[in-house]
Amino acid sequence: MKPKRILLVVVVLIVLLLVVPGVHAKVRTDGGGDMPFYARIAADEIFHTDDWAAIVFYRPPGCVPVGFNLLEFYDFDAFGCRPPTTDGFIIWEAEPWLSAPIQIKLHGLGAVPVWFVRWPELQGAVKDGVLTISELEEMQSLLIGSAGFYKETLHPTGGAQVPMIQFVAHGMLQDGRSFKVHATLASVGATNVHITFR
């Protein structure tokens, strides 16, 4: 090969090596707890056993708008509901907010609200596709807790893995008992939830 041609090939390889990693580079951003939702509950994503359902709040329940349907999950007005109860980081496929998040890791900031209601009662309440904070507050079986320990891992778009949510919460109920929740959602409808009170 002629020297000019070799030089051209080397230059092209260098350019490709510099450009390609930038296109596919994953980006980590901190502050993952400040997301546009109030609670870990959605129409197709309710974490429950046969007896109890657990609802983790990413925002103080007192600032959830009275008319907001919690089953819709996303609400950009949630950014005004402060302070968030979790923090963490997000790993993005490429440019933050312009590409899909491939992993979110959250941890509690000391007192993450976790509400429990009997699953049959909640199941009846969500049949119409609407669940408001007022409906939750009025449920006869409501137990209000605060998690001193909270960890969550979320793979929202799957990336190299299947979409998955996993969270663990330990804390105290207002009635003085302790609680533990271990929950995993591996795909829509495939949940594994353990809730204990002591």
Side-chain angles (χ1 to χ4, degrees), residues 32-35 37-66 68-75 78 81-89 103-127 130-156 163-198:
D34 202 7
M35 301 289 247
F37 33 79
Y38 301 103
R40 173 54 64 198
I41 186 169
D44 60 349
E45 196 180 284
I46 300 176
F47 291 90
H48 65 88
T49 65
D50 289 340
D51 298 317
W52 291 95
I55 302 163
V56 176
F57 283 87
Y58 301 112
R59 307 280 177 173
C63 70
V64 177
V66 174
F68 178 71
N69 180 5
L70 290 165
L71 301 180
E72 292 179 0
F73 193 58
Y74 290 98
D75 182 13
C81 184
R82 304 202 66 82
T85 64
T86 60
D87 197 7
F89 65 85
Q103 184 182 68
I104 301 172
K105 284 202 174 242
L106 301 175
H107 62 270
L109 291 174
V112 178
V114 183
W115 289 12
F116 301 91
V117 291
R118 289 278 186 187
W119 171 233
E121 187 177 13
L122 183 59
Q123 198 172 21
V126 300
K127 278 185 180 176
V130 177
L131 180 68
T132 65
I133 192 73
S134 300
E135 285 180 284
L136 270 178
E137 290 171 329
E138 293 168 4
M139 290 190 179
Q140 291 184 347
S141 63
L142 176 64
L143 297 174
I144 295 177
S146 178
F149 175 87
Y150 183 75
K151 294 263 185 201
E152 178 178 323
T153 301
L154 170 64
H155 297 280
M164 181 272 289
I165 301 166
Q166 184 175 47
F167 68 84
V168 177
H170 301 176
M172 299 296 293
L173 298 172
Q174 285 182 341
D175 65 13
R177 291 181 292 164
S178 65
F179 70 82
K180 291 184 180 180
V181 182
H182 296 253
T184 303
L185 173 71
S187 61
V188 175
T191 58
N192 184 8
V193 181
H194 298 280
I195 299 171
T196 57
F197 304 120
R198 293 178 191 239

Measuring from [X]:[atom1] to [Y]:[atom2], what's the distance to the nearest 0.5 Å?
X	Y	atom1	atom2	value
H107	D87	NE2	CG	4.5 Å
I133	I55	CD1	CD1	8.0 Å
E152	I165	CD	CD1	6.5 Å
H155	I104	NE2	CD1	10.0 Å
F179	M172	CZ	CE	9.0 Å
I41	L70	CD1	CG	6.5 Å

For residues [X] and [Y], report the shortest heavy-atom separation together with the two atoms involved.
X	Y	answer
A54	I195	CB-CD1, 4.0 Å
L109	P84	CD1-O, 3.6 Å
T132	V66	CB-O, 3.5 Å

Over 60° means perpendicular and under 30° means parallel, so tell me whether [X] and [Y] are parallel, tilted or perpendicular.
X	Y	result
H170	H182	tilted
F197	W52	perpendicular
H48	W119	parallel

Taking atom CZ of R198 as the centre, report whether more than 12 heavy atoms of other residues, nucleotides or ligands fall under 6.0 Å from it.
-> no

Quick check: are there more than 12 heavy atoms from other residues, nucleotides or ligands sitting under 6.0 Å from CG of D50?
-> no

Check: [Y] main-chain N/O paired with [X] side-chain donor or acceptor under 3.5 Å:
X	Y	value
E121	M139	no
R59	C81	yes
D75	F37	no

Check whether any side-chain heavy atom of V181 lies under 4.5 Å from a side-chain heavy atom of H194, and answer yes or no.
-> no

Evaluate the side-chain proximity of L106 to Y58: yes if any heavy-atom separation is below 4.5 Å, no if none is.
-> yes

Name of the residue among Y74, F68, F57 meeting ring pair (Phe, Tyr, Trp, His ring centres under 6.0 Å) with Y38 | F68

Testing I144, L131, V64, L142 for side-chain contact (heavy atoms from CB on, under 4.5 Å) with L136, which one passes?
-> L131

